[in-house]
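Just the heavy atoms: all of them, side chains too, but no hydrogens, waters or symmetry mates, feed the values below. These numbers come from a predicted model, not from an experiment.
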Amino acid sequence: MADPKGFMTTPRQEWPRRPVEERVRDWDEVYVPGALLPIISKQADRCMDCGVPFCHDACPLGNLIPEWNDLVSREDWRAASDRLHATNNFPEFTGRLCPAPCEAGCVLAINQPAVTIKNVECAIADRAWAEGFAPPMPPERLSGRTVAVIGSGPTGLAAAQQLTRAGHTVAVYERDDRLGGLMRYGIPEFKMEKAHLERRLRQMRAEGTKFRTSVVVGRDVRAAELRARYDAVVIATGATAWRELPVTGRELEGIHQAMEYLPLANRVCEGDLAQSPMSAAGKHVVIVGGGDTGADCLGTALRERAASVTQLDIYAQPGEERDEDLEPWPTYPKLYRLSAAHEEARDLEAAPAADADARLFAASTLRFEGDGSGHVRSLHLVAVDAARQPMPGTGRTLPADMVLLALGFSGPDREDGLIDQLGVAMEPRGTISRDPGFATNVPGVFAAGDAARGQSLIVWAIAEGRAVAAAVDRYLAGSSRLPSPIAPHDRPMTV
């Protein structure tokens, strides 16, 4: 603990964002470049080095947060990088994309603003790359065993890196033309520039991991053939089966799933397209769904110069302070949070009909109406009570030339035939069934990440990848020294 009074003398200060008017004109990350390092050591000083650090339990990776906070406060960046990478393969991803349940579990957060753990993590990761503290770590010897990992999202990449470093020969199969899963085509560039992903992929290639892109397992390669070719298979395809909105008018043109819309904007940033064929430019856009994916659609539509953008959230507007009776510390509370996209919508007054920033809270979609040519033109909604039941007399209509459905995902997509060809058992809720050792009912086939857990956070995805790697290593070698931070049925801290 470098400064025992740091939490009393230093106020919380976060990584500043670029001005709204500037950042909505490009796709660069929203934060001011270089503005984090000058403040981060004093922010790390705010860590109390408490006797029972609940941030450990709030983070499924078990990140050694007080240790690297102390090292950053002393500006020992190499040691901080070592402690950070001891539990997290991709801290530059989580430092940008994770909603930071660790901060909700910070002991300081009982009666003060929490330590900026996420910012400290990001600073360490970026400094590690700048200073060469994250070199490739190829294995000293090969085991002679082979593993196929299906899916290159955070779970698949974490599992592949751990297994490669353990000496196994690993090939990652990805159905898209580029690696990264939702980090590549689902996360907008302004949240995480893909240079961070490419840098980590170069490291993994140097370590020996093999990648196979544009291969749909179950269609381009039969699942049985893949199983016969490798000693073990890890299914890490994510939960890509999106939820639908079965209301009148859903068939109208101009109503799209969020994951049909977002990848096209990312392809523009990749240089594949000059302009998205699904661009929101000049359109009145309504986003149905109040989560992070909806916010990603919001920020994307603003950059495409939409005429207006409104986001519907079926839940009531949360408060700005934790309700200690309903969501006591150290659980992750549902609070009114102003993401970068919502800040942009507020300042640009992008949604005149909204309650706050771009959001209409406690709002449920009743139906869509179109014009004579079958294209959507309006959305009819109604306010709902705490039980999500419609409230009489609260109906209203929003203009809508484009509607984006961001309602989450129910489990893995089964259209490619992978699951049925392998014959893996499924849970009633649509996810892959597995035992306490991450194994499916098919010998040698394991499942991890959102495909088995259900839709979750990136930090849980990486934890799943690390844990399934330990399980596969144990299956192949009889024992394993790889860390296993979580069990398949572990869940976040809740009331």
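The side-chain heavy atoms of Val115 and Gln43, taken from C-beta on, include no pair separated by under 4.5 Å. Counting heavy atoms from C-beta on, the side chains of Arg453 and Thr431 never come closer than 4.5 Å. Using a 4.5 Å heavy-atom cutoff, the side chains of Arg78 and Glu131 are not in contact. Between Pro66 and Cys55, some side-chain heavy-atom pair lies under the 4.5 Å cut-off. Counting heavy atoms from C-beta outward, Arg346 and Leu338 have side chains that approach closer than 4.5 Å. Side-chain contact between Asp313 and Leu360 is absent, with no heavy atoms from C-beta onward closer than 4.5 Å.
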query = Given the rule in the salt bridge (charged side-chain N to carboxylate O under 4.0 Å, His left out) test, do Arg17 and Glu343 qualify, once you have shown the distances and angles that lead to the verdict?
reply = CA-CA 10 Å; Arg17 296 168 179 164; Glu343 180 186 46; 3.3 Å; yes
ask   = Should Asp176 and Arg184 be marked as a salt bridge (charged side-chain N to carboxylate O under 4.0 Å, His left out) after you check the CA-CA gap, both sets of side-chain angles, and the distance that decides it?
value = CA-CA 10 Å; Asp176 283 324; Arg184 171 74 68 179; over 6 Å; no
query = Is there a side chain to side chain contact (heavy atoms under 4.5 Å, CB included) between Arg127 and Leu37 once you walk through the steps?
reply = CA-CA 9 Å; Arg127 187 66 176 261; Leu37 284 178; 4.2 Å; yes
ask   = Do Arg250 and Glu244 pass the salt bridge (charged side-chain N to carboxylate O under 4.0 Å, His left out) test, and can you show the C-alpha distance, the side-chain angles, and the key distance before you say yes or no?
value = CA-CA 9 Å; Arg250 170 62 182 90; Glu244 261 297 344; 2.9 Å; yes
Test salt bridge (charged side-chain N to carboxylate O under 4.0 Å, His left out) applied to Arg96 and Asp126, step by step = CA-CA 11 Å; Arg96 288 171 167 83; Asp126 289 352; 2.8 Å; yes
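With respect to Arg434 and Glu464, a salt bridge is recorded, a charged nitrogen being found less than 4.0 Å from a carboxylate O. Look at Arg267 and Asp272 and you find a salt bridge, because one of the NZ, NE, NH1 or NH2 atoms lies within 4.0 Å of a carboxylate O, short of that distance. Salt-bridge check for Arg23 with Glu344: passed, with a basic side-chain N closer than 4.0 Å to an acidic carboxylate O.
The number of heavy-atom neighbours closer than 6.0 Å to OH of Tyr336, taken from other residues, nucleotides and ligands shown, is above 12. By the 6.0 Å contact criterion, NZ on Lys210 is open, its count of non-hydrogen atoms from other residues, nucleotides or ligands being 12 or less.
Arg303 forms a cation-pi arrangement with Phe190, by the criterion of a distance under 6.0 Å to the ring centre and an angle within 45° of the ring axis. The side-chain tip of Arg178 does not point at the ring of Tyr185 from less than 6.0 angstrom away and within 45° of straight on.
For the residue pair Ser81/His85, the side-chain donor-acceptor check at 3.5 Å is satisfied. In summary, the side chains of Asp450 and Thr155 do not present any donor paired with an acceptor at a separation below 3.5 Å, with no hydrogens or angles considered. A donor-acceptor contact closer than 3.5 angstrom is absent between the side chains of Asn119 and Gln13.
Between Phe211 and Tyr173, the gap from one ring centroid to the other reaches at least 6.0 Å. Between Trp15 and Tyr31, the ring centre distance stays below 6.0 Å.
Expressed to the nearest 0.5 Å, how far CD of Glu14 lies from OG1 of Thr116 amounts to 7.0 Å. Rounded to the nearest 0.5 angstrom, Arg229 CZ and Arg222 CZ are separated by 13.5 Å. The CD1 atom of Ile255 sits 10.0 Å away from the CG atom of Leu404 when rounded to the nearest 0.5 Å. Taken from CG in Asn441 to CE in Met426, the straight-line distance is 10.5 Å, to the nearest 0.5 Å. Interatomic distance, Ile458 CD1 to Asp292 CG, rounded to the nearest 0.5 Å: 11.5 Å. Between the CZ atom in Arg165 and the CD atom in Glu140 there is a gap of 13.5 Å [rounded to 0.5 Å].
Proximity of a side-chain donor or acceptor of Gln311 to a complementary backbone N or O of Gly289 within less than 3.5 Å is detected. Proximity of a side-chain donor or acceptor of Glu174 to a complementary backbone N or O of Leu179 within less than 3.5 Å is not detected.
Remark: Arg474 pairs with Ala470, Ala471, Ser480 by the side-chain contact (heavy atoms from CB on, under 4.5 Å) rule, at least two apart or across chains.
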